[in-house]
A.B. asks: 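Have a look at the structure that comes next, please.
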2 protein chains.
Amino acid sequence: MNEKELKKYCSCVSEVVAKRLTLYLRCFIQLKEEGYDFVSSKELAERFNLNSDLIRKDFSYFGTFGKRGVGYNIDEIIEKIKTILGLKKVYNVAIAGAGNLGKALADYPKFNEGTFRIVAMFDNNARKVGRKYGVNNIPIFHVKELPEKVKELEVDIGIIAVPARAAQQVADSFVKAGVSGLMNFTPARIAVPSNVKTVCADFRAQLEMLAYYVSNLKKSE
Amino acid sequence: MNEKELKKYCSCVSEVVAKRLTLYLRCFIQLKEEGYDFVSSKELAERFNLNSDLIRKDFSYFGTFGKRGVGYNIDEIIEKIKTILGLKKVYNVAIAGAGNLGKALADYPKFNEGTFRIVAMFDNNARKVGRKYGVNNIPIFHVKELPEKVKELEVDIGIIAVPARAAQQVADSFVKAGVSGLMNFTPARIAVPSNVKTVCADFRAQLEMLAYYVSNLKKSE
DNA sequence: TAGATTGTTAATCGATTAACAATC
DNA sequence: TAGATTGTTAATCGATTAACAATC
């Protein structure tokens with residue numbers, strides 16, 4: 001679904017703003033770990049190479065979070081951003097594909113302190129099916145069981161970590177089974193109905209964009 | 001480095017355009033695999049949920065690629081886009097971190113038909129160091145050796161797949177050793193000089209953005 | 001109170017969309 | 001030639017930046 005269609009379904013801020021919010025969250029968490037209690041938009045901007053005007057503007061879409069003359073209480077704003085982004089809930093996540101990538105995702109450290117709970121993995125390799133993966137004992141089911149299990153386990157978000165040729169089929173199964181969001185790690189473009197949000201997490205696309213800049217930087221040396 | 005600073009160093013198009021170009025490339029490749037020879041911007045847009053005006057506008061920054069009344073020759077435009085994105089060269093890539101993620105990346109199918117050549121992995125686990133990983137026999141060196149090996153192997157792009165707390169240090173080593181681009185898989189914000197381009201590939205940030213839309217979609221049900 | 005920083009409005013800038021002449 | 005689609009210019013829209021009154 002594109003951004004315009006999305007607006008029919010939710011009164012969300014634009015994708016750039018949402019992306020920056022996740023970024024700000026990372027920065028505030030990092031500062032908290034370093035022992036800070038308060039930070040101004042100016043300090044935040046200088047530290048992380050951001051724009052202080054934009055930081056304040058972005059927050060202003062959601063209310064007033066700072067203290068004039070002082071800045072932002074870090075603990076407080078972390079909670080506020082989490083609330084805005086919907087990170088105070090728990091999301092059930094299922095991973096299609098129990099290869100290297102699927103496993104790396106399943107092992108991903110804590111996956112945001114319990115916000116995202118990986119409840120199932122799917123694969124079509126008979127040797128993997130029926131086993132449990134990793135420290136969290138995530139059950140691996142056959143891909144055939146995906147529709148049934150996704151419903152049963154009330155999965156909210158599906159992760160597509162299968163070969164590209166199977167991506168659309170897996171996406172269709174996830175959608176049919178009622179997920180609201182998909183994270184697609186394959187290079188394939190997948191089509192979904194407009195009430196499902198997808199994010200593209202294809203490494204290759206990102207690496208190619210990097211190549212564009214690297215090749216142009218080198219030219220100007 | 002932010003987009004404004006970048007412009008000092010290269011006459012690149014904006015990040016949104018570069019990103020869309022990688023996207024178009026994927027679409028054209030997919031159509032080629034399906035046996036198509038020609039496609040119009042309109043067909044492309046309908047098929048992949050894009051905007052045909054924008055497709056033509058994006059191409060126009062780089063020249064004229066289509067045939068009026070007909071559309072685009074798919075083989076031809078694939079080559080053109082690859083040239084624009086700098087994908088006709090070979091980039092030496094090194095991966096810091098030989099955990100699940102590092103391995104998944106090293107195994108990533110063909111990594112764009114030889115455009116990106118993974119020449120080394122680095123880890124600080126003594127049991128991994130000295131071994132070769134995977135079908136491509138990628139040597140695993142100790143992180144201490146990173147600066148030396150990166151220079152020796154003429155690495156262009158560094159991938160950061162280590163724990164977040166080590167990200168900045170690894171980035172510094174890569175930069176010092178002369179890489180032009182960094183792909184950062186950790187949630188840590190890394191600071192680099194303005195002649196190095198970084199892309200953020202943190203899963204968590206993407207998943208959080210997805211959560212924002214999912215939680216808002218659900219509300220309006 | 002004086003200094004600092006927020007929240008917000010107005011001004012600017014850039015990106016997308018609309019429209020159409022050029023031409024295959 | 002007629003129909004189709006490009007490449008490009010002009011119009012619109014949205015996002016960022018600048019500026020400053022409000023207030024801690």
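All figures in this text were calculated on a predicted structure; none of them were measured in a lab. All chains are named by letter (A, B, ...) in the order of the sequence lines, taking the proteins before the strands, and each is independently numbered beginning at 1.
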A.B. asks: As a check on the pairing definition, encode DNA chain C in dot-bracket form, counting Watson-Crick and G-U wobble pairs whose two distances are under 3.5 Å, and using | for partners outside this strand.
C.D. replies: ..||||||||||||||||||||||
A.B. asks: Give the rounded distance in Å between these two atoms: OH of Tyr61(A) and P of dT6(C).
C.D. replies: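 Taking atom P of dT6(C) as the reference, OH of Tyr61(A) is at 17 Å.
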A.B. asks: Could I get the full list of side chain to side chain contact (heavy atoms under 4.5 Å, CB included) partners for Lys57(A), not counting sequence neighbours?
C.D. replies: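 Lys57(A) satisfies side chain to side chain contact (heavy atoms under 4.5 Å, CB included) with Tyr61(A) once adjacent residues are dropped.
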A.B. asks: Return each pair, listed once, that meets ring pair (Phe, Tyr, Trp, His ring centres under 6.0 Å) where at least one residue sits in residues 22-42 of chain B; pairs must be two or more places apart or across chains.
C.D. replies: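 Those involving residues 22-42 of chain B are Tyr24(B)-Phe59(B).
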A.B. asks: Tell me which residues in residues 30-45 of chain B lie within less than 4.0 Å of DNA chain C, going by non-hydrogen atoms.
C.D. replies: none
A.B. asks: Once you round to the nearest 0.5 Å, how far does CG of Leu182(B) lie from SG of Cys200(B)?
C.D. replies: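 Here the rounded value is 12.0 Å.
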A.B. asks: Excluding sequence neighbours, so at least two apart, what forms side chain to side chain contact (heavy atoms under 4.5 Å, CB included) with Asn51(B)?
C.D. replies: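 Asn51(B): side chain to side chain contact (heavy atoms under 4.5 Å, CB included) contacts with Asp53(B), Leu54(B).
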A.B. asks: Is any side-chain nitrogen or oxygen of Ser14(B) closer than 4.0 Å to OP1 or OP2 of dA15(C)?
C.D. replies: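 Affirmative; the distance criterion is met.
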A.B. asks: Is the shortest side-chain N/O distance from Asn51(A) to OP1 or OP2 of dT17(D) below 4.0 Å?
C.D. replies: yes
A.B. asks: Do Leu101(A) and Phe203(A) have side-chain heavy atoms sitting under 4.5 Å apart?
C.D. replies: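 Contact flag for Leu101(A)/Phe203(A) side chains = yes.
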A.B. asks: Sort and list the pairs that fulfil salt bridge (charged side-chain N to carboxylate O under 4.0 Å, His left out) and have at least one residue in residues 59-79 of chain B, not counting sequence neighbours.
C.D. replies: Lys32(B)-Asp75(B), Glu79(B)-Lys88(B)
A.B. asks: Sequence neighbours excluded and cut-off under 3.5 Å, please list the side-chain donor-acceptor pairs for residues 157-170 of chain A, or say none.
C.D. replies:
unit_1	atom_1	unit_2	atom_2	d
Gln168(A)	OE1	Ala191(A)	N	2.9
Gln168(A)	NE2	Asp172(A)	OD1	2.8
Gln168(A)	NE2	Ala191(A)	O	3.1

A.B. asks: Starting at atom NZ of Lys19(B), determine the distance to atom C1' of dT16(C), rounded to an integer number of angstrom.
C.D. replies: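 Interatomic distance, NZ of Lys19(B) to C1' of dT16(C): 16 Å.
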A.B. asks: With a 4.5 Å heavy-atom cut-off, do Val93(A) and Met183(A) have their side chains touching?
C.D. replies: no
A.B. asks: Could you check how far CD1 of Ile55(B) sits from P of dT8(D), rounded to whole Å?
C.D. replies: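 Computing the Ile55(B):CD1 to dT8(D):P distance gives 16 Å.
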A.B. asks: What is the distance from CZ of Phe59(B) to C1' of dT16(C), rounded to the nearest Å?
C.D. replies: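 Distance check: Phe59(B) CZ to dT16(C) C1' gives 16 Å.
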A.B. asks: What is the distance from CD of Glu15(A) to P of dG14(D), rounded to the nearest Å?
C.D. replies: 15 Å
A.B. asks: Using whole Å, report how far CG of Asp53(B) lies from P of dA18(C).
C.D. replies: 7 Å
A.B. asks: Any side-chain heavy-atom pair from Arg189(A) and Leu50(B) closer than 4.5 angstrom?
C.D. replies: yes
A.B. asks: Which whole-number value in Å describes the distance from Leu54(A) CG to dT6(C) P?
C.D. replies: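 Roughly 14 Å, once rounded to whole Å.
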A.B. asks: Please list, chain by chain and in numerical order, all residues satisfying ring-ring contact (aromatic ring centres under 6.0 Å, His included) with Tyr91(A), sequence neighbours excluded.
C.D. replies: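 For Tyr91(A), the residues satisfying ring-ring contact (aromatic ring centres under 6.0 Å, His included) (neighbours in sequence not counted) are Phe116(A).
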A.B. asks: Can you tell if the side chain of Phe65(B) reaches within under 4.5 Å of the side chain of Ile84(B), non-hydrogen atoms only?
C.D. replies: yes
A.B. asks: In whole angstrom, what separates Glu46(B)'s CD from dA4(D)'s C1'?
C.D. replies: 14 Å
A.B. asks: Who passes salt bridge (charged side-chain N to carboxylate O under 4.0 Å, His left out) against Glu43(B), sequence neighbours left out?
C.D. replies: none
A.B. asks: Enumerate the protein-to-nucleotides 9-11 of chain C contacts in which both atoms are nitrogen or oxygen and the separation is below 3.5 Å.
C.D. replies:
none

A.B. asks: For DNA chain D, which residues of residues 65-79 of chain B approach it to below 4.0 angstrom with any heavy atom?
C.D. replies: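 Heavy-atom cutoff 4.0 Å gives Phe65(B), Gly66(B), Lys67(B), Arg68(B), Gly69(B), Val70(B), Gly71(B), Tyr72(B).
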A.B. asks: Respond yes when some side-chain nitrogen or oxygen of Arg20(A) is under 4.0 Å from OP1 or OP2 of dT16(D), and no when none is.
C.D. replies: yes
A.B. asks: List the residues meeting side chain to side chain contact (heavy atoms under 4.5 Å, CB included) with Thr64(A), not counting sequence neighbours, and say none if there are none.
C.D. replies: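 By the side chain to side chain contact (heavy atoms under 4.5 Å, CB included) rule, Thr64(A) matches no residue at all.
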A.B. asks: Going by heavy atoms in the side chains, are Leu23(B) and Lys19(B) under 4.5 Å from each other?
C.D. replies: no
